Amino acid sequence: MRYRSQSVAYWYFAVAMVLFGLQLVFGLLSAAKYLGPDPLLYILPFDVTKVIHTNLLIVWVLTGFMGATYWMVPDESRTELYSVKLAYVQLVLWTLMGLVTVISYLFRYGTGNKLLEQPLPSKIVIVICMLIFLYNIGMTIWKSKRFTTTEGVLVLGLLLAALLYLPALLEYENYTVAIFYRWWTIHLWVEGVWEMIQGGFLAYLLIRLSGADREVMEKWLYVIVGLVFIAGILGTAHHYYWVGVPAYWLPIGGIFSALEPLALVGMAIYAYSAMRRSGMSHPNTLALHWTLGSAVFTLFGAGLLGLAHTFPDVNKWTHGTLITAMHGHAAFYGAYAMITLAMISFALPAMTPGRSEQGSSIGYWSFWLQISGMFGMTLSFATAGIAQVYLERILGMGYLDAQLKIQVHFVMLVITASIFATGVGLFIYDFFRHAPRFDVDDGQKPMVTPASG
């Protein structure tokens, strides 16, 4: 750890890990409800557990983004964080907001707008936290007088993410209009500016882990920004099939939404080949696993499955079915969960002495169990979704009758989700099993001089 203020990141990561664990609890509970009698039907019905599951996903990933930014920006700017106190105030407010919001869902208090169900007071606190965060990061860069392209793309993504949350603060009487503007936040987050955030983290990690040339990495970042503003914005239209916009947006949305991860994957391929050619590599191979894994799984989940699902001639059959869950789980995990876990794996050895920099066997078990579990979950959702489309939308079978026919796929889902949850549990255990200690390493090594005489 080069700067003492980077220690703030540890506490953000710790909160993110707790929320990640809670998200899996409610996810497994939601999946189990498909299998038979539900003893919690009138205490925790499916709509409540699913809302908590999806919203905890957003909150823990954003918490991880904040922690990773507080680690990366001082390192890139070569200076201490502008205000450690502000960072802790932000974390307390953010955590309290998350807890109060989850409790409010238990009492059915929310807006009902999918993924943006937060009550208005919670949304106001979110805005306050984002303003504190952006001010702290901006002032850190300002005082350093050093601004790299890598952190520039990251900060631009964070700033645009905050601006695109503004439509979520408004209420619309017309439900169709509400859904239209909802995608201005959700799609332009997860398939737009969040990819800039992922790109900033990915470039930072690849430069340090692979020995790749910074100039080349940052040229790839310009490509990412271009794709976000072209493919990301135009790709929003693949959600408009059921809203009633002009038909010419449908193929544009379907094609461009699948092009977004290509620059990220190209950057990862370059870094891997550069590492192999030069022989340079960082000892933290676990973080390298997560980094390259994020790029590859993004291509699979966001790219391949996105193209397979979002093209209009297919989407008119699959929209709102378990095919959506197939694409959503794989894309979100690969693009944002894995890059967050990569940043945690990279930063953690410097903040927890006694931890092997190469990563522990528990860490590698966690990686492969999560990868295999998520791949199995994706296949389970895919097979269930294909059967659902055929039974409901071709044969005309009722929803509940179709659910009885595809229960075997939910058995597969619960099994593979349990494998995934085991991997996450190992990651969380590995995170907390070493106590933090924030020693500063100035990176200076004694000079070697030839012996005299």
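Note that the structure is predicted; figures quoted are calculated from it, not measured. Every heavy atom of this structure was used, including side-chain atoms; hydrogens, water molecules and symmetry mates were not.
In this structure, Phe180 has its ring center no closer than 6.0 Å to that of Tyr172. Between His238 and His187, the distance from one ring center to the other falls under 6.0 angstrom. Residues Trp183 and Tyr240 keep their aromatic ring centres 6.0 Å or farther apart. Aromatic ring centres of Phe332 and Trp194: separated by under 6.0 Å.
Of all non-hydrogen atoms in Ala417 and Leu28, the two that sit nearest each other are CB-CD2, 3.6 Å. Closest non-hydrogen pair, Thr185 versus Ala168, comes out as OG1-N, 3.9 Å. Across all their heavy atoms, Asp439 and Pro353 have their closest contact at OD2-CG, 4.2 Å. Minimum interatomic distance between Leu202 and Ala295 (heavy atoms only, all atoms of both residues): CD2-CB, 4.4 Å. Pairing each heavy atom of Gly157 with each of Ile197, the nearest pair is C-CG1, 3.8 Å. In plain terms, the two heavy atoms of Val84 and Ser5 that are nearest each other are CG2-CB, 3.6 Å.
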Inset, instruction - Start with the C-alpha distance between Phe20 and Phe427, add both sets of side-chain angles, then the distance that settles ring pair (Phe, Tyr, Trp, His ring centres under 6.0 Å), and finish with yes or no. - result: CA-CA 10 Å; Phe20 193 10; Phe427 192 97; 7.9 Å; no

Inset, instruction - Could you check Thr291 against Leu206 for side-chain contact (heavy atoms from CB on, under 4.5 Å), going step by step and ending with a plain yes or no? - result: CA-CA 8 Å; Thr291 303; Leu206 290 172; 3.8 Å; yes

Inset, instruction - Applying side-chain contact (heavy atoms from CB on, under 4.5 Å), run through Ile344 and Thr340 and close with a yes or a no. - result: CA-CA 6 Å; Ile344 293 173; Thr340 302; 4.2 Å; yes

Inset, instruction - Evaluate side-chain contact (heavy atoms from CB on, under 4.5 Å) for Gln370 paired with Trp290, printing each intermediate quantity in order. - result: CA-CA 11 Å; Gln370 286 190 51; Trp290 284 112; 3.6 Å; yes

Inset, instruction - Applying side-chain contact (heavy atoms from CB on, under 4.5 Å), run through Leu29 and Leu44 and close with a yes or a no. - result: CA-CA 9 Å; Leu29 185 58; Leu44 286 173; 4.0 Å; yes

Inset, instruction - Before giving the answer on side-chain hydrogen bond (donor to acceptor under 3.5 Å, both in side chains), spell out for Ser360 and Asp430 the whole-Å C-alpha distance, their side-chain angles and the decisive distance to 0.1 Å. - result: CA-CA 8 Å; Ser360 64; Asp430 195 38; 3.2 Å; yes

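In this structure, CG in Leu115 is found 4.5 Å from CD1 in Ile186, a value given to the nearest 0.5 Å. Expressed to the nearest 0.5 Å, how far OG1 of Thr383 lies from NE2 of His409 amounts to 4.5 Å. Considering NE2 of His434 and OG1 of Thr352, their distance stands at 6.5 Å, rounded to 0.5 Å. Taken from OG1 in Thr95 to CD in Gln90, the straight-line distance is 9.5 Å, to the nearest 0.5 Å. How far CG of Leu400 is from CD of Glu392: 9.0 Å, rounded to the nearest 0.5 Å. Summarising the geometry, atom CD belonging to Gln23 is positioned 4.5 Å from atom NE2 belonging to His53; distances are rounded to the nearest 0.5 Å.
Counting only heavy atoms from C-beta outward, the side chains of Ile126 and Trp94 approach each other to under 4.5 Å. Contact annotation: the side chain of Met72 approaches that of Leu154 to within less than 4.5 Å [non-hydrogen atoms, C-beta and beyond]. The shortest side-chain heavy-atom distance between Asn284 and Pro349 falls under the 4.5 Å cut-off. Under the 4.5 Å side-chain criterion, counting only non-hydrogen atoms from C-beta, Tyr165 is in contact with Leu169. Within the 4.5 Å cutoff, side-chain heavy atoms of Trp184 are placed close to those of Tyr181. By the 4.5 Å heavy-atom criterion applied to side chains, Leu221 and Met217 are not counted as neighbours. The side-chain heavy atoms of Lys114 and Lys50, taken from C-beta on, include a pair separated by under 4.5 Å. Residues Ile179 and Asn113 meet the side-chain proximity criterion, which asks for heavy atoms closer than 4.5 Å.
Of the candidates Trp60, Phe65, Tyr70, Tyr12 forms a ring-ring contact (aromatic ring centres under 6.0 Å, His included) with just one, namely Tyr70.
A donor-acceptor distance shorter than 3.5 angstrom exists from the side chain of Lys143 to the backbone of Glu80, with no hydrogens or angles considered. Proximity of a side-chain donor or acceptor of Arg355 to a complementary backbone N or O of Arg433 within less than 3.5 Å is not detected. Checking side-chain atoms of Asn174 against main-chain N and O of Val177 turns up a donor-acceptor pair under 3.5 Å. In this structure a side-chain-to-backbone donor-acceptor pair under 3.5 Å is present from Thr140 to Tyr82. Formation of a donor-acceptor pair under 3.5 Å by the Arg4 side chain with backbone atoms of Phe438 is found in this model. With Ser294 contributing its side chain and Gly334 its backbone, the two residues share a donor-acceptor pair below 3.5 Å. Distance alone, capped at 3.5 Å, is enough to place a donor-acceptor pair between the His329 side chain and the Ala325 backbone. Counting only distance, with no hydrogens or angles, the side chain of Asp38 and the backbone of Pro45 share no donor-acceptor pair below 3.5 Å. Side-chain atoms of Gln388 come within 3.5 Å of backbone atoms of Leu322 as a donor-acceptor pair (strictly under, hydrogens ignored). Side-chain atoms of Tyr336 come within 3.5 Å of backbone N or O of Val190 as a donor-acceptor pair.
Each ring pair (Phe, Tyr, Trp, His ring centres under 6.0 Å) pair with one or both residues in residues 21-44, not counting sequence neighbours, appears once here: Tyr34-Phe46, Tyr34-Phe410.
Taking Tyr3 as the reference, nothing meets the side-chain hydrogen bond (donor to acceptor under 3.5 Å, both in side chains) condition, with sequence neighbours excluded. Legend: residues meeting salt bridge (charged side-chain N to carboxylate O under 4.0 Å, His left out) with Arg182, ordered by chain and number and at least two apart, are absent. Listed by chain and number, the residues in a salt bridge (charged side-chain N to carboxylate O under 4.0 Å, His left out) with Asp75 are Arg2, Arg208 (sequence neighbours excluded). Applying the side-chain hydrogen bond (donor to acceptor under 3.5 Å, both in side chains) test to Ser77 and every residue at least two apart in sequence or in another chain returns Glu151. Applying the ring pair (Phe, Tyr, Trp, His ring centres under 6.0 Å) test to Phe297 and every residue at least two apart in sequence or in another chain returns Phe300, Tyr333.
Under 3.5 Å, the side chains of Ser122 and Thr101 contain a donor-acceptor pair of N or O atoms. Residues Glu117 and Thr54 bring no donor and acceptor atom of their side chains to less than 3.5 Å of each other.
Other residues, nucleotides and ligands contribute at most 12 non-hydrogen atoms within 6.0 Å of the OH atom of Tyr429. Atom CZ of Phe147 has more than 12 heavy atoms from other residues, nucleotides or ligands within 6.0 Å.
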